[in-house]
Amino acid sequence: MKQVSVINWDGENEKFDEDDPHLRMYCAGSYDVPQVMGTATYGGPHDVFERKRHPGRIEKKVTMPMHWGNICEHPFRIRTQQVLEKLGLSQDEKVTEGKTFYEDQFMYTARTTPDGLLEGNPDVVFEYKTRWWSDDDLYGKEMTDQCQPQEYDQCQWHLKVTGAKVCFLGVWFHPGQDICWYKIERDEERIEEISKAMFDFWVTNLQGNEPPPVDETEGCRQHWARVEAKEKAKREFSDDEYSLALELDSVKQELKRLK
């Protein structure tokens, strides 16, 4: 079993087996980065503190898109292999399963696990996401970096720790549609901002055992404002609309029978 040396809360090196759950606890991972940066829609710095300092005290919520994402990683890699030319890569390259990378920083250990890699090409990594079909308005034109801020930050952490130059983000919105692709190139300025924030958080909060304030992050605020706006936009069917919906469903069922 391979062992990894990481920096613990006392600032000392400690070795763990790769499958030891304490290993992840002592590492600044790509899942943690958007929460510390305030861009995540699923938590903030206080959540990271609780998860690292008091494992098991709060339950990690696995949403349905996250569950689908875990199931779909292998099909994602198969599809990536099929569309390499679309991504501007050679079809002769081989897409492989991602692996975990570690990088020693001053006073802490960085960790990241891209979802896919290119065999023999360290300049490219892949990250995969499944999203609700209604979230496609949060994204811009394909093959740009116009993705959600939390994904942009996660991809930049992949690039920092692996040393790669570009991360292709594949987002799957709907089973009836193909994967949408976004190209996230290395952003040294953002990487520096993330690195500084992770250092401050790690040393002040985690190693200093000082919980950050339980404040709403910008990412969470925008997420819940959007949810609230969608809820307010909902209304009941009128009698005419309900009748038309029933009629449309009847026609669809008849077409299916005739086929």
Side-chain angles (χ1 to χ4, degrees), residues 1-63 66 70 98-115 125 127 148-163 167 187-224:
M1 175 67 67
K2 181 181 176 182
Q3 286 197 320
V4 178
S5 178
V6 297
I7 301 172
N8 62 24
W9 303 141
D10 297 322
E12 300 172 346
N13 285 319
E14 188 172 350
K15 288 187 176 181
F16 295 93
D17 291 337
E18 272 195 315
D19 62 351
D20 190 326
H22 292 91
L23 174 60
R24 180 174 293 206
M25 183 176 73
Y26 285 118
C27 294
S30 62
Y31 182 80
D32 307 319
V33 165
Q35 294 183 57
V36 172
M37 297 305 294
T39 54
T41 59
Y42 49 83
H46 193 272
D47 297 273
V48 181
F49 178 87
E50 287 291 316
R51 189 166 62 249
K52 302 286 188 183
R53 268 295 188 171
H54 307 287
R57 192 151 83 177
I58 59 172
E59 183 181 356
K60 178 182 175 182
K61 294 182 180 179
V62 179
T63 63
M66 290 169 66
N70 292 332
K99 68 176 184 178
T100 301
F101 295 80
Y102 297 91
E103 185 181 52
D104 289 336
Q105 307 294 305
F106 180 58
M107 296 297 289
Y108 73 98
T109 303
R111 177 187 190 276
T112 200
T113 309
D115 293 328
V125 295
E127 175 65 24
Q148 292 193 63
Q150 60 186 346
E151 295 162 348
Y152 187 84
D153 285 346
Q154 184 179 21
C155 289
Q156 290 301 330
W157 198 246
H158 287 335
L159 297 173
K160 169 187 166 51
V161 180
T162 65
C167 178
D187 180 348
E188 296 295 349
E189 185 175 342
R190 186 57 175 171
I191 287 174
E192 185 177 348
E193 291 173 352
I194 295 172
S195 299
K196 182 181 183 305
M198 295 305 287
F199 170 80
D200 291 343
F201 174 77
W202 221 262
V203 174
T204 302
N205 301 116
L206 288 175
Q207 292 178 356
N209 199 20
E210 181 70 32
V214 189
D215 293 337
E216 181 184 43
T217 65
E218 182 61 19
C220 289
R221 188 195 67 77
Q222 291 182 1
H223 170 73
W224 288 112

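The residues of the chain are indexed from 1 along the displayed sequence. These values consider heavy atoms only, across backbone and side chains, with no hydrogens, waters or symmetry-generated copies.
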Undergrad: Go through the side-chain N and O atoms of Asp17 and Gln3 and say whether any donor and acceptor fall under 3.5 Å apart.
TA: yes
Undergrad: What heavy-atom pair brings Met107 and Val203 nearest, and what distance separates the two atoms?
TA: CB-CG2, 3.8 Å
Undergrad: Search all heavy atoms of Gly219 against all heavy atoms of Thr41 and return the closest pair with its distance.
TA: O-CG2, 3.8 Å
Undergrad: As an exercise, state the distance from CD1 of Ile191 to CE of Met198, rounded to the nearest 0.5 Å.
TA: 13.5 Å
Undergrad: Would you call the rings of Trp202 and Trp9 parallel, tilted or perpendicular, taking 30° and 60° as the class edges?
TA: tilted
Undergrad: Only counting residues at least two apart or in another chain, list the ones meeting side-chain contact (heavy atoms from CB on, under 4.5 Å) with Thr109.
TA: Val6, Ile7, Cys27, Tyr102, Asp104
Undergrad: Say you draw a straight line from OG1 of Thr112 to CG of Asp32; how long is it, rounded to the nearest 0.5 Å?
TA: 10.0 Å
Undergrad: State, with a plain yes or no, whether a side-chain heavy atom of Phe49 is found less than 4.5 Å away from one of Val36.
TA: no
Undergrad: Hydrogens and angles aside, do Gln150 and Gln154 bring a side-chain donor and acceptor to less than 3.5 Å of each other?
TA: no
Undergrad: Is the closest side-chain heavy-atom distance between Glu103 and Phe101 below 4.5 Å?
TA: no
Undergrad: Are Lys52 and Tyr26 close enough that some pair of their side-chain heavy atoms sits under 4.5 Å apart?
TA: no
Undergrad: For residues Tyr152 and Thr39, determine if any side-chain heavy atom of one lies less than 4.5 Å from a side-chain heavy atom of the other.
TA: no
Undergrad: Please walk me through it: do Gln148 and Gln222 pass side chain to side chain contact (heavy atoms under 4.5 Å, CB included)?
TA: CA-CA 11 Å; Gln148 292 193 63; Gln222 291 182 1; over 6 Å; no
Undergrad: Report the residues that fulfil salt bridge (Lys or Arg N to Asp or Glu O under 4.0 Å) with Lys2, sequence neighbours left out, ordered by chain and then residue number.
TA: none
Undergrad: Going by the side chain to side chain contact (heavy atoms under 4.5 Å, CB included) test, name the single residue among Thr162, Asp115, Val125 that passes it with Cys167.
TA: Val125
Undergrad: How far does CD of Gln35 sit from CZ of Arg51, to the nearest 0.5 angstrom?
TA: 4.5 Å
Undergrad: Just how far is it from atom CG of Asp187 to atom CD of Gln156, taken to the nearest 0.5 Å?
TA: 5.0 Å
Undergrad: Does any non-hydrogen side-chain atom of Arg111 lie less than 4.5 Å from one of Arg24?
TA: yes
Undergrad: So which atom in Pro45 and which in Thr217 form the shortest heavy-atom distance, rounded to 0.1 Å?
TA: CD-CG2, 3.8 Å
Undergrad: If I take atom CE from residue Met25 and atom CZ from residue Arg53, how far apart are they, to the nearest 0.5 angstrom?
TA: 8.5 Å
Undergrad: Considering all heavy atoms of both residues, which atom of Gly43 and which atom of Cys220 are nearest to each other, and what is their separation?
TA: N-SG, 3.7 Å
Undergrad: For the atom pair NZ (Lys160) and OG (Ser195), what is the distance rounded to the nearest 0.5 Å?
TA: 3.5 Å
Undergrad: Closer than 3.5 angstrom, by distance alone: can the side chain of Asp10 be matched with the main-chain N or O of Glu12 as a donor-acceptor pair?
TA: no
Undergrad: Please name the pair of heavy atoms, one in Ala28 and one in Trp157, separated by the smallest distance, quoted to 0.1 Å.
TA: O-NE1, 3.1 Å
Undergrad: Of all the heavy-atom pairs spanning Lys15 and Ser5, show the shortest one and how long it is.
TA: CG-CB, 4.1 Å
Undergrad: How about Phe201 and Tyr108: are their ring centroids closer than 6.0 Å?
TA: no
Undergrad: Considering residues, nucleotides and ligands other than Glu18, do more than 12 of their heavy atoms fall under 6.0 Å from its CD?
TA: yes
Undergrad: Does Glu189 have more than 12 heavy atoms from other residues, nucleotides or ligands lying within 6.0 Å of its CD?
TA: no
